[in-house]
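The structure under discussion appears below in the form of structure tokens.
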Amino acid sequence: MARIIGSQFYYQVFITVYVTLSIWSLSAAKTSKPHIIFILADDLGWNDVGWHNRYMRTPTLNRLAKQGVILNSSYVHPTCTPSRSSILTGVYPFRFGLQNGVIRPAEAKHLPLNYPTLPEKLRDAGYATHMIGKWHLGFCNRQYTPTQRGFDSFLGFYTGAQDYYKHTRENGYDFRFNESVYHPPKKQYSTKTYADRAVEVIRENRKSDKPLFMYLSFQSVHTPLQVPKKFQSIYRNVKNRERKIYNGMVTAMDSAIGTVIAALKKYKYLQNSIIVFTTDNGGAAHVAGNNLPLRGSKTTLWEGGTRAVSFVLAKKYQKRKKYIHDGLFHAVDWFPTLLAAAGVKTKGMAIDGTNQWPMLKGKPSRRKEFIYNIDSSSGSTVAAMRYGDYKLIQGSPGKYNDWYRVPKGPTKCTKFKEMQDEEEEDFFKYGSLNQAVKKVKSYFSWMFGRVTGYNWKKNRYKKLQKHCLREERKLMRKYIFPNYQLFDIKNDPTERNNIIIEKIDVFQKMKRRLNNYVSEEIEPQSRKKYPRSSPNMYGGAWSSGWC
């Protein structure tokens with residue numbers, strides 16, 4: 001009898017232990033997928049991080065980059081919207097009409113619904129998906145907004161740029177929590193707002209058993225040039241005012257990223273996280289960013305506009321750490337690469353991206369070629385492609401073709417260039433200029449205008465415009481480009497020597513390949529501006545529901 005009781009006791013113990021271990025096993029299975037923290041900077045230059053430029057204060061980014069894999073040949077598109085669409089879909093933007101620059105607030109351009117997004121695929125795989133920061137992929141209809149494109153939550157703004165404190169763009173307010181207009185604490189710098197929200201997301205997600213995908217899309221370091229004084233003062237030795245503010249913005253972003261990393265560590269996410277950092281395009285070197293030794297600025301097909309500062313840190317998964325990878329990587333690769341890391345298959349999907357997960361773990365790159373961009377909207381094709389070490393450019397590479405050095409002192413045209421950038425900065429035209437004028441002078445000019453009808457701001461802007469456009473035309477005349485240019489990026493990374501004559505066979509082969517891609521380009525989405533988009537019709541905020 002005692003033996004039977006004893007055997008029953010041991011049997012019950014065995015069952016209890018077995019069930020407990022099974023529950024633990026199931027729980028572990030749910031959380032064994034890596035957390036993915038995708039950090040996207042805006043307009044960050046190649047020479048604007050500490051591991052490329054010792055004068056830049058980016059201690060957090062330096063540490064993370066040097067612990068992980070620095071992607072030395074990571075590429076994006078020349079402007080915001082095309083790059084963001086590639087990252088979230090794995091598809092080149094010329095396939096769905098987002099190849100011709102950025103989406104302006106009153107335009108109905110958007111990321112098409114028939115292309116699944118990275119957060120949608122990850123959410124289907126059991127991930128909690130959260131977005132923080134800049135969207136810039138369309139909002140004229142509710143179904144184009146972040147919470148309808150795969151994100152469980154969204155804190156940020158729809159348009160391409162705004163005031164860092166007031167969250168205004170042109171004549172409208174643009175800041176939301178999910179789909180509701182939201183007002184963060186007054187006078188709080190947006191970079192801090194985003195970091196605080198990221199910490200909150202990490203803390204709250206800890207209560208669930210879901211792996212986390214967080215898309216942290218900073219506004220920094222896009223214009224307008226604004227930063228708290230404590231970050232600007234770090235660069236007191238920098239004489240050029242715009243560059244001093246810009247540098248402070250970079251360091252403020254680095255500090256915010258440090259806050260996020262500390263939260264990942266505190267809540268025990270760091271060891272099982274894949275941390276991605278990249279910029280969406282090159283720095284605005286014609287304003288205050290710096291891409292040296294690379295040529296050109298954002299908006300151009302030069303390396304300065306398309307070669308991204310980028311790294312990946314995945315402590316648990318990287319077999320090789322603390323090294324620089326020179327293999328080719330493109331923005332479209334993030335989609336299949338991160339899905340592969342999460343155990344999601346992309347076989348059979350119509351994407352341009354390549355699964356580079358083995359590359360991030362130390363293997364060679366699987367990519368041999370990619371498209372920088374294709375845009376025929378002006379009537380003539382402007383395009384570029386990479387094949388191995390060679391880069392072929394068709395048409396004009398863009399507007400800013402120099403090797404831009406940081407000015408040592410104040411420059412007369414920096415403000416104007418910041419204001420009139422045709423892609424996004426035009427709406428800061430008078431506000432930015434007015435900030436540079438002393439209050440007393442502004443008061444007297446206002447009084448003079450009231451009496452005489454003379455618009456001081458407008459006429460000052462026009463004078464500055466004429467002067468700076470003259471200077472720009474001189475620079476443009478300096479560069480007259482042939483229909484095609486071929487560069488050996490490995491041996492000539494600064495793009496100074498067109499080698500078409502020496503490499504005619506390479507040129508002809510690449511031209512045929514590029515023509516095949518050009519034949520697949522669809523017509524860009526309409527740039528028509530809709531009067532019904534006006535914030536005045538929606539309580540003063542940029543809103544959806546007008547297309």
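Checking side-chain atoms of H325 against main-chain N and O of G327 turns up a donor-acceptor pair under 3.5 Å. With T300 contributing its side chain and S297 its backbone, the two residues share a donor-acceptor pair below 3.5 Å. Side chain of Q508 to main chain of D505: no donor-acceptor pair is present (N/O by atom type, distance under 3.5 Å, no hydrogens or angles). With hydrogens and angles disregarded, a donor-acceptor distance shorter than 3.5 Å links the side chain of Q219 to the backbone of Q162. A donor-acceptor contact shorter than 3.5 Å links the side chain of N498 to the backbone of L486. Between the side chain of H35 and the backbone N or O of N272 there is no donor-acceptor pair closer than 3.5 Å. Proximity of a side-chain donor or acceptor of Y404 to a complementary backbone N or O of G296 within less than 3.5 Å is not detected. Judged by distance alone, the side chain of D492 and the main-chain N or O of R496 form a donor-acceptor pair under 3.5 Å. A side-chain donor-acceptor contact under 3.5 Å links S83 to the backbone of D280. Side-chain N or O atoms of N373 include one that pairs as donor or acceptor with a backbone N or O of Q99 at under 3.5 Å.
Listed here is the closest heavy atom pair of Q356 and D333: NE2-OD2, 3.5 Å. Of all non-hydrogen atoms in I39 and I275, the two that sit nearest each other are CD1-CG2, 4.2 Å. When all heavy atoms of H77 and P93 are compared, the closest pair comes out as NE2-CD, 3.3 Å. The heavy-atom pair separating T81 from H136 by the smallest distance is OG1-O, 3.1 Å. In plain terms, the two heavy atoms of R95 and Y115 that are nearest each other are O-OH, 3.7 Å. Y517 and F94 get closest at one heavy-atom pair: O-CE1, 3.8 Å.
Y75 and Y372 have their aromatic ring centers within a separation under 6.0 angstrom. You'll find the ring centres of F157 and W135 outside the 6.0 Å limit. In this structure, W302 has its ring center at least 6.0 angstrom away from the ring center of Y400. Between Y484 and F507, a ring centre-to-centre spacing shorter than 6.0 Å is recorded.
When only modelled atom types and interatomic distance are considered, N47 and N291 share no side-chain donor-acceptor pair under 3.5 Å. Remark: the Y194 side chain and the S220 side chain contain no N/O donor-acceptor pair separated by less than 3.5 Å. Defined by atom type and a distance below 3.5 Å, a donor-acceptor pair is present between the side-chain atoms of E521 and S376. For T58 and N62, the side-chain atoms include at least one donor-acceptor pair closer than 3.5 Å. For the residue pair R512 and N516, no side-chain donor N or O sits within less than 3.5 Å of a side-chain acceptor on the partner.
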Take I36 and L122, measure what side-chain contact (heavy atoms from CB on, under 4.5 Å) needs, and give me the verdict at the end. CA-CA 10 Å; I36 301 172; L122 288 172; 4.3 Å; yes
I'd like to know whether L264 forms a side-chain contact (heavy atoms from CB on, under 4.5 Å) with I37, so could you lay out the CA-CA distance, the side-chain angles of the two residues, the decisive distance to 0.1 Å, and finally the verdict.
CA-CA 10 Å; L264 291 172; I37 313 300; 4.1 Å; yes
Step by step, work out the side-chain contact (heavy atoms from CB on, under 4.5 Å) result for K361 and V69.
CA-CA 9 Å; K361 294 193 288 185; V69 180; over 6 Å; no
side-chain contact (heavy atoms from CB on, under 4.5 Å) evaluation trace for L328 with R386: CA-CA 9 Å; L328 294 180; R386 181 74 170 266; 3.7 Å; yes
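Rounded to the nearest 0.5 angstrom, D254 CG and R63 CZ are separated by 8.5 Å. Note that the CD1 atom of I374 and the CE atom of M385 stand 8.5 Å from one another [nearest 0.5 Å]. For the atom pair CD (Q226) and CD1 (I245), the distance works out to 8.5 Å, reported to the nearest 0.5 Å. Atom CD in Q525 sits 8.5 Å away from atom CG in L111 (nearest 0.5 Å). Note: D48 CG to L292 CG = 9.5 Å, rounded to the nearest 0.5 Å. Distance check: N290 CG to H52 NE2 gives 12.0 Å after rounding to the nearest 0.5 Å.
Evaluated for a side chain to side chain donor-acceptor pair (under 3.5 Å) with D43, the options N281, T79, T223, T279 yield exactly one hit, N281. The only member of N497, I393, I499 that meets side-chain contact (heavy atoms from CB on, under 4.5 Å) when paired with F487 is I393. For the salt bridge (charged side-chain N to carboxylate O under 4.0 Å, His left out) with E107, the lone residue among K529, R527, K528 that qualifies is R527.
Applying the 6.0 Å contact sphere to CD1 of I501 captures no more than 12 heavy atoms from other residues, nucleotides or ligands. The 12-atom threshold is not exceeded at OH of Y55, counting heavy atoms of other residues, nucleotides or ligands nearer than 6.0 Å. Within a 6.0 Å radius of NZ in K391, more than 12 heavy atoms belonging to other residues, nucleotides or ligands are found. Heavy-atom contacts from other residues, nucleotides or ligands closer than 6.0 Å to OH of Y317 number more than 12. Counting heavy-atom neighbours within 6.0 Å of D124 CG, excluding the residue itself, gives a total above 12. Crowding of E502 atom CD: a count of heavy atoms from other residues, nucleotides or ligands under 6.0 Å exceeding 12.
P119 has its side chain out of reach of R149: every pair of non-hydrogen atoms, C-beta onward, lies at least 4.5 Å apart. A heavy-atom distance below 4.5 Å is found between the side chains of R169 and P105. Residues W334 and F329 are in side-chain contact: their nearest non-hydrogen atoms beyond the backbone lie under 4.5 Å apart. The shortest side-chain heavy-atom distance between Q67 and K315 falls under the 4.5 Å cut-off. Considering only heavy atoms from C-beta on, V221 comes within 4.5 Å of Y246 through its side chain. Counting only heavy atoms from C-beta outward, the side chains of K509 and Y387 approach each other to under 4.5 Å. Proximity of N355 to T346: side-chain heavy atoms (C-beta onward) are nowhere separated by under 4.5 Å. Between L98 and P524 the shortest side-chain heavy-atom distance does not fall below 4.5 Å.
In this pair, Y215 and F38 present their aromatic rings tilted. The plane angle is within the 30 to 60° band. Aromatic ring pairs are classed by plane angle as parallel below 30°, tilted from 30° to 60° and perpendicular above 60°; the pair Y158 and F139 is parallel. Ring geometry for F311 versus F277: interplanar angle under 30°, hence parallel rather than tilted (30 to 60°).
Taking the charged nitrogens against the carboxylate oxygens, D352 and R367 have no contact shorter than 4.0 Å, which rules out a salt bridge. The pair E303-R295 does not count as a salt bridge, with every side-chain nitrogen at least 4.0 angstrom from each carboxylate oxygen. A salt bridge between D42 and R84 is present, with a side-chain N of the basic residue lying under 4.0 Å from a carboxylate O of the acidic one.
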